[in-house]
Amino acid sequence: QVRLVESGGGLVQPGGSLRLSCATSGLLFSDITMGWYRQAPGKQRELVARISSSGSTNYADSVKGRFTMSRDNAKNMVYLQMNSLKPEDTAVYYCNPWLTAYWGQGTQVTVSS
């Protein structure tokens with residue numbers, strides 16, 4: 001049974017930082033690509049970043065240079081370090097095993113002064 005648990009969200013001022021974590025179970029974790037997605041109110045879910053099994057990363061243009069995705073295969077976890085946060089980063093953030101329908105409950109990130 002696949003389980004995804006996101007954490008680390010919260011309220012932060014513009015320019016601040018947060019580190020999101022995603023704990024996974026039930027996956028052959030070290031063999032798969034993982035993604036971070038976000039969904040803002042009234043908008044479609046969008047891909048923020050992904051990391052391959054070898055550690056190669058790709059980022060949405062809107063977060064390049066500000067967000068860093070990483071993984072720890074020993075712990076079956078992925079992370080998203082978010083710096084220089086903007087109000088437009090406000091959303092619920094989800095991790096997702098690439099090209100699967102597995103989703104966790106997400107973690108809310110709110111960027112506001």
Side-chain angles (χ1 to χ4, degrees):
Q1 182 180 356
V2 175
R3 189 164 183 242
L4 306 165
V5 181
E6 300 93 343
S7 62
L11 173 63
V12 63
Q13 292 187 341
S17 298
L18 285 173
R19 187 188 191 218
L20 306 184
S21 300
C22 171
T24 78
S25 59
L27 297 168
L28 293 175
F29 182 80
S30 61
D31 293 342
I32 62 175
T33 293
M34 292 290 297
W36 276 104
Y37 288 77
R38 67 186 181 187
Q39 187 166 20
K43 294 188 177 181
Q44 289 189 331
R45 193 170 295 184
E46 63 174 351
L47 177 65
V48 173
R50 67 179 179 183
I51 187 167
S52 72
S53 58
S54 64
S56 298
T57 52
N58 298 95
Y59 299 94
D61 287 344
S62 58
V63 307
K64 276 181 183 176
R66 301 188 298 121
F67 290 10
T68 303
M69 186 174 183
S70 60
R71 66 190 298 156
D72 185 334
N73 288 340
K75 296 182 178 179
N76 294 341
M77 294 190 67
V78 290
Y79 306 95
L80 188 67
Q81 177 66 44
M82 305 187 297
N83 299 328
S84 301
L85 283 161
K86 304 175 181 180
E88 51 263 44
D89 296 318
T90 296
V92 180
Y93 285 71
Y94 303 88
C95 64
N96 168 258
W98 194 245
L99 298 180
T100 73
Y102 298 118
W103 299 95
Q105 84 289 346
T107 186
Q108 175 71 48
V109 172
T110 302
V111 185
S112 176
S113 55

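All residue numbers refer to positions in the sequence shown, counting from 1.
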hydrophobic_cluster_shared for [Y] and [X], side chain cutoff 4.5 Å:
{"X": "V63", "Y": "L20", "result": "yes"}
{"X": "W36", "Y": "Y79", "result": "no"}
{"X": "M82", "Y": "V12", "result": "yes"}
{"X": "I32", "Y": "Y37", "result": "no"}
{"X": "L47", "Y": "V92", "result": "yes"}

Which atom of [X] lies closest to which atom of [Y], heavy atoms considered:
{"X": "F29", "Y": "R71", "value": "O-NH2, 2.7 Å"}
{"X": "S17", "Y": "S84", "value": "OG-N, 4.4 Å"}
{"X": "A91", "Y": "Q108", "value": "O-NE2, 3.5 Å"}
{"X": "M69", "Y": "M34", "value": "CE-O, 3.3 Å"}
{"X": "E6", "Y": "Q105", "value": "O-NE2, 2.9 Å"}
{"X": "L27", "Y": "P97", "value": "CD1-CG, 3.8 Å"}

Using 0.5 Å steps for rounding, measure from the [atom1] atom of [X] to the [atom2] atom of [Y].
{"X": "L11", "Y": "S113", "atom1": "CG", "atom2": "OG", "answer": "9.5 Å"}
{"X": "R3", "Y": "S25", "atom1": "CZ", "atom2": "OG", "answer": "6.5 Å"}
{"X": "N76", "Y": "L4", "atom1": "CG", "atom2": "CG", "answer": "11.0 Å"}
{"X": "N96", "Y": "T33", "atom1": "CG", "atom2": "OG1", "answer": "10.5 Å"}

TODO: Measure up the Y93 and F67 rings against each other and bin them: parallel (under 30°), tilted (30 to 60°), perpendicular (over 60°).
DONE: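 Ring orientation, 0 to 90° scale: tilted.
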- [ ] Find out whether the Lys NZ or Arg CZ of R66 is both under 6.0 angstrom from the six-membered ring centre of Y59 and within 45° of the ring's axis.
- [x]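 So R66 doesn't make the cation-pi contact.
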Task: Ion pair check, D89 and K86, cut-off under 4.0 Å - done: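 So D89 does not pair with K86 through a salt bridge.
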- [ ] Go through the steps to decide whether S112 and T110 satisfy the test side chain to side chain donor-acceptor pair (under 3.5 Å), and finish with yes or no.
- [x] CA-CA 6 Å; S112 176; T110 302; over 6 Å; no
Task: Side-chain heavy-atom pair S21, K75 within 4.5 angstrom cut-off - done: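 They are not in contact (no side-chain heavy atoms under 4.5 Å apart), so the answer is no.
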Open item on the list: Can you tell me if Q44 has over 12 outside heavy atoms packed within less than 6.0 Å of its CD?
Closed with: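 No, the 6.0 Å shell around CD holds no more than 12 heavy atoms from other groups.
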TODO: Say whether, by atom type as modelled, one donor and one acceptor occur between the side chain of T57 and the main chain of I51 under 3.5 angstrom.
DONE: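 It does not hold such a pair.
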